[in-house]
2 protein chains.
Amino acid sequence: MTEPATVAPGRVRGGRRDEILVTFTRHVAERGYDRANFGDVASELGLSKGTIVHHFGTKDRMLAEVQERYMRRALDEARAFLARLDRPEHRLAAFVHAGVRYQTDDPATTIAFQREVVRLTDEPGMETARAQRDAYRDLVVGVLRDGEAAGVFVPGDARLRSLQMFGSLHWMWTWFDPQGRLAPEAVAAEFCRTLLRGLGVPETAVAEAADPDGPAAVCAREVVGS
Amino acid sequence: MTEPATVAPGRVRGGRRDEILVTFTRHVAERGYDRANFGDVASELGLSKGTIVHHFGTKDRMLAEVQERYMRRALDEARAFLARLDRPEHRLAAFVHAGVRYQTDDPATTIAFQREVVRLTDEPGMETARAQRDAYRDLVVGVLRDGEAAGVFVPGDARLRSLQMFGSLHWMWTWFDPQGRLAPEAVAAEFCRTLLRGLGVPETAVAEAADPDGPAAVCAREVVGS
DNA sequence: GTGAACTGACCGCACGTACGGGCAGAGTAG
DNA sequence: CTACTCTGCCCGTACGTGCGGTCAGTTCAC
């Protein structure tokens, strides 16, 4: 039984548990799960492999924890900006603005998650993260359906559209450079414009929702930045 | 491919090289490059690990060969349908129709390629495949720029738009099921509609380019199906 | 004979994980 | 205060295994 060990008499500080997870996450982002290994993480932090095992048990569980943390944050923040926005095009745009922002706000976790999403589908022990991912996708599908019902989006397959949108965002890790010349706001704006126009949203509403200083982007920035 | 390797008692000139590559490709598609190994491929084909090494040298070279084959085919076919289509919206739609079609036409190679594209950027020995990939992307960017110059697409960042499009297509391997209820034509049509409408193409032209029986889809099917 | 296809035994190493024990701080009894 | 004990954090080592790659040698077609 692996205990989070948050309540303990003999505990010194928060321990290095978090530190280990952060470093592991970065290694997964850089090399992928299979090539990330305990030895490198341990030597980088100046501790032994045994310590990592002590805290996390197995490598699988460590990855699961990374995924769950990322998805929990994404879910919380998505619900937060959904509560603050009402128009379907603003809500959908917020998902895009937030998705792009994660790429610079917490690149390691974001890349680690996106590189290894495929493990959510088959690997055992990933049930929690998978459920969170499904819930997140359902939020987007819901927005698409609502917008369609309200006549803001032209009729179409909401699930397919959500996958089209997620594809663009999830693929970013292969080409986006946080230090590069392309600002995340510019990427989000362009993605929003093409997507919303593609759903039949009128040009003025498109411009507002895509605008880095518009309500959707501002809301996403406030929620994610916190 | 074409030569199903004679099952003759003695060995055959040309050998089982292709057979090995096909099996290896399938394993990469199913488990990823790191978890694919010589032992499994060899035992599945009833030969020894040494034989694989004899034919390919190293595992890296094997993957490079998979990537190069896939990209060469994609490039050839892209140039073929570009030669047959003239309108920008048809050309762009053809990329989408073809991209989706690869998912069912040769799922193993397609998935193997998409899973491991990231290795094109850093790994050495991948220069050829990387150059092919860049050439392919440049074809799409060219179509986007031409369409913009011709006033068919609204102004915007062509490179970003190409990445948005590739993202949707490259992400398909994580969710698309060739045996599933969703036909590839339906996926391609929906993707085309959202994308082209998003670029400002008029509704009638969008419908024609997305139509599974329209000129773009038919052309893509003929070229890819060969 | 020549060379390509193929074999099977073997090597070296990297990596996940198990295990036994050391250490330091907190609780408690005296 | 001191002494003892408990407990979670951490270390070092060792083990088992899986895998990429080597090599000497064999078979077979031309």
Side-chain angles (χ1 to χ4, degrees), chain A residues 1-28 30-66 116 119 123-126, chain B residues 3-28 30-66 116 119 123-126:
Chain A
M1 217 34 191
T2 52
E3 288 299 315
T6 34
V7 184
R11 183 179 122 231
V12 207
R13 286 208 335 151
R16 309 227 221 166
R17 195 178 190 276
D18 280 357
E19 221 174 329
I20 293 171
L21 200 59
V22 167
T23 305
F24 175 73
T25 302
R26 208 185 62 247
H27 284 221
V28 172
E30 286 166 1
R31 320 172 195 176
Y33 176 75
D34 287 319
R35 285 170 133 80
N37 60 290
F38 288 179
D40 289 347
V41 172
S43 75
E44 186 177 317
L45 292 174
L47 36 81
S48 104
K49 286 201 290 177
T51 306
I52 301 181
V53 176
H54 165 75
H55 282 294
F56 298 94
T58 69
K59 199 182 169 189
D60 293 343
R61 272 253 26 98
M62 244 175 129
L63 181 66
E65 199 159 320
V66 172
E116 308 296 340
R119 293 182 200 272
E123 228 104 326
M126 295 283 190
Chain B
E3 306 92 15
T6 60
V7 200
R11 268 149 242 129
V12 175
R13 197 142 188 130
R16 312 219 222 170
R17 209 188 120 97
D18 279 358
E19 221 175 329
I20 292 171
L21 199 60
V22 166
T23 304
F24 175 73
T25 302
R26 209 184 62 246
H27 284 222
V28 172
E30 286 167 0
R31 320 172 195 176
Y33 176 74
D34 287 320
R35 284 168 133 79
N37 61 291
F38 288 177
D40 288 346
V41 172
S43 75
E44 187 177 317
L45 292 173
L47 38 79
S48 86
K49 284 201 295 177
T51 305
I52 300 181
V53 176
H54 166 73
H55 282 294
F56 297 93
T58 69
K59 201 182 167 188
D60 293 343
R61 274 260 16 106
M62 245 175 127
L63 181 65
E65 199 158 322
V66 172
E116 309 295 339
R119 293 181 200 273
E123 227 104 327
M126 293 284 189

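Throughout, a chain's letter reflects where its sequence line sits, starting with A, and its residues are numbered from 1. Values below: every heavy atom of this structure, side chains too, minus hydrogens, waters and symmetry copies.
Taking atom CG on Leu47(A) and atom P on dC11(D), their separation rounds to 5 Å, with Å as the unit. Rounded to whole Å, the distance from CD1 on Ile52(B) to P on dA5(C) is 14 Å. Per the geometry, CZ belonging to Phe56(B) stands 11 Å off P belonging to dA5(C), to the nearest Å. Summarising the geometry, the separation between CG on Leu63(B) and C1' on dG20(D) is reported as 15 Å, rounded to the nearest angstrom. At whole-Å resolution of the value, CG in Asp40(B) and C1' in dG20(D) are 13 Å apart. Computed from coordinates, the Arg35(A) CZ to dC19(D) C1' distance equals 13 Å when rounded to whole Å. The NE2-C1' distance, from His55(B) to dG21(D), rounds to 16 Å in whole Å. When the C1' atom of dC19(D) is taken as reference, atom CG of Asn37(B) falls 7 Å away, rounded to whole Å.
Nucleic acid contact class of Ala42(A) (heavy atoms, under 4.0 Å, all strands): none. Within the nucleic acid shown, Gly39(B) has no heavy atom closer than 4.0 Å to any nucleic acid atom.
Closest approach of Asp60(B) and Met126(B) over heavy atoms only: O-CE, 4.5 Å. Contact record, Met62(A) with Phe56(A): CG-CG, 3.4 Å, taken as the closest heavy-atom pair.
Among the nucleotides dT17(C), dC11(D), dC10(C), the one closest to any side-chain atom of Thr58(A) is dT17(C). Nearest to the side chain of Arg16(A), among dA5(C), dC10(C), dC10(D), sits dC10(D). Checking dC6(C), dT17(C), dC11(D) against the side-chain heavy atoms of Ser48(A) singles out dC11(D) as nearest. Side-chain atoms of Phe38(A) lie closest to dG16(C) of the nucleotides dG16(C), dG8(C), dT22(D). Of all nucleotides listed (dC15(C), dC11(D), dA18(C)), dA18(C) comes nearest to the side chain of Val53(A). Ranking dT7(C), dC15(C), dC10(D) by closeness to the Thr51(B) side chain, first place goes to dT7(C). With dC6(C), dC9(D), dG16(C) as the choices, the nucleotide that has an atom nearest any side-chain atom of Lys59(A) turns out to be dG16(C).
Put simply, CZ on Arg31(A) and CG on Asp34(B) are 12.0 Å apart, with the number rounded to the nearest 0.5 Å. Between atom OG1 of residue Thr58(B) and atom CZ of residue Phe38(B) there is a gap of 7.0 Å, rounded to the nearest 0.5 Å. A distance of 9.0 Å separates CD1 of Ile20(B) from NE2 of His54(B), quoted to the nearest 0.5 Å.
In the interface, the side chain of Lys49(B) is not paired with the base of dT7(C) through any donor and acceptor atom under 3.5 Å apart.
Contact between the side-chain N/O atoms of His54(B) and the OP1/OP2 oxygens of dT22(D) is not found at any separation under 4.0 Å.
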